[in-house]
Amino acid sequence: MSINYSDRIPNNVSLSDDRRLQRALEAWQPGFLQWWSEMGPESFQGCDVYLRTATSTDAQGWATFGYVKMPDYRWGIFLADPEPDRRIPFGEHKGEPVWREVPGEHRGVLRRLIVTQGDTEPASVEQQRHLGKTSPSLYDLRNLFQVNVEEGRHLWAMVYLLHAYFGRDGREEAEGLLQRRSGNADNPRILGAFNEKTPDWLSYFMFAHFTDRDGKYQLASLAESGFDPLARTCRFMLTEEAHHLFVGESGVGRVVSRTCELMRAHNTFAVGEYGGIDLSIIQKYINFHYSVSLDLFGSELSTNAANYFSAGLKGRFKEADRADDHQLAGSSYSILKPEHGTIVAAEQPALLALNEALRDSYIADCERALARWNKIIKEAQLEFELKLPHRGFRRSIGEFAQVSVTPDGQMISEEEWDKRKSEWIPTSVDREFVASLMKPVTAPGQFATWIGPPLRGINHQPLDFQFVTGLPGA
Ligand code: BYC
């Protein structure tokens, strides 16, 4: 479905046929642009960035490349094409035609899900706004900005739903999305991970790998929704999400690769003095970002999740591929929980354990990526294995929130945790060291000392392509 770019707000939802909605969104737009100029990438708003922009939602048009100044990026409203005769795929309404309007009895819950999803998008832009100043290459700088503008567009996606389907409450929530600020003590973002800092590029790659990956699983679950506008919105968001995950996984992989190169060249694990990041520090960053991201799936046992599912609002990852009744009547699911000083498995009603089931799919995905990083180390013939910590490690939400668990899954006292945590998560010394490496590299085709080059440039461009021009001070 092609996108109408002649409207002030690009869209493929025939916005001009609904003047009221169009006016409401046009009234929200200046606030968004104001937010972008205050909270978007600092110091780079005047640069020309080699960005992809969607011109249609099909395979041909969703990635059209060209130089754009970020404030001129055409943020808009793009939904995947409707599926004819789509039916609600799960829950109590399974098999009924999907809803084109919000079902009255689920209005509050649905709004809350959309607001929670929407809130993460501007939050990540806020978290990353200082990173441009220390980018390890023009290639990485461009990727950062691509991710940032697309997160801005994902905010538009949720704001469209709020304006189009939730009346006055929706408009108020859309305002709230521009008011909250990541890390603000009085008005923080909704979910924990989105109030953490992203102070350096290693954190950024970890965030794009682990936290954006939660986005993939949450969006895929919402893409199953019986509320069809939400499903179609999330389906299109997922096509953009793949690049964000690529930035994260390949970014960490390139750091690992460079570290291995330095280890071999200097025959040491301590590559700091050669401008690299030790594998042990990379491991601590993994521990930190993975545990924060696990919290984003909510509690192991959640009546909220059960209600979302039964009501047909939020499905499971790849719902259609599952061979069960799609209602989970009488099914059980095994969860882990702490009990009397150890961690035990417990069978629970599958409906209540939906967050844990989604977390399990996510963990399996993280394991696959970790194996690819370990392959880099193995191919360099070095003895070291990166690991994902135990799911109970450093959790703030759910069954493990009140206990201390080591990365290999031993329950320990709080005192021991305090004594040993510097072995497991980045210390201020680790962070200062990583920060000390964050010097901008802006010559085309050059890369910082601590990261290897990617395999290829964006859109088949050579690595020394001028991915961003007009840098401040240039
Ligand atoms: N931090 O029953 P529970 C993305 C709250 S990322 C703070 O366990 P539920 C992206 C919860 O709200 C994807 N609070 O959880 C990535 C509830 O509060 P109330 C974002 C938390 O409701 C990178 C209470 O604890 N999308 O797209 O089953 C860059 C008990 O809740 C947290 C979504 O999350 C937390 N981590 O599930 C850019 C999808 N976890 O009711 C973008 C929409 C839980 O006591 N959201 N709480 O006030 C949802 O589906 C659900 O809200 C959650 C939580 C999965 C997040």
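Residues take their numbers from the sequence shown, with the count starting at 1. Counting starts at 1 for both ligands and their atoms, following the listed order.
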Between [options], which is the residue that forms a ring pair (Phe, Tyr, Trp, His ring centres under 6.0 Å) with [X]?
X	options	value
His209	Trp373, Tyr362, Phe246, Tyr285	Trp373
Phe393	Phe288, Trp417, Phe400	Trp417
Phe145	Tyr67, Phe44, Tyr73	Phe44

Close residues (non-hydrogen atom under 4.0 angstrom from ligand 1) work out to Arg112, Leu113, Thr116, Gln117, Thr120, Glu121, Ser124, Glu151, Ile190, Leu191, Gly192, Phe194, Phe207, Thr211, Asp212, Asp214, Gly215, Gln218, Asp295, Leu296, Phe297, Gly298, Ser299, Ser302, Asn304, Ala305, Tyr308, Lys314, Asn355, Ile397

- Presence of salt bridge, Lys314 and Glu224, under 4.0 angstrom: no

Does any part of the side chain of Ile363, heavy atoms only, come nearer than 4.5 Å to the side chain of Tyr290, both counted from C-beta? yes

* Over 12 foreign heavy atoms within 6.0 Å of CD, Glu105 -> yes

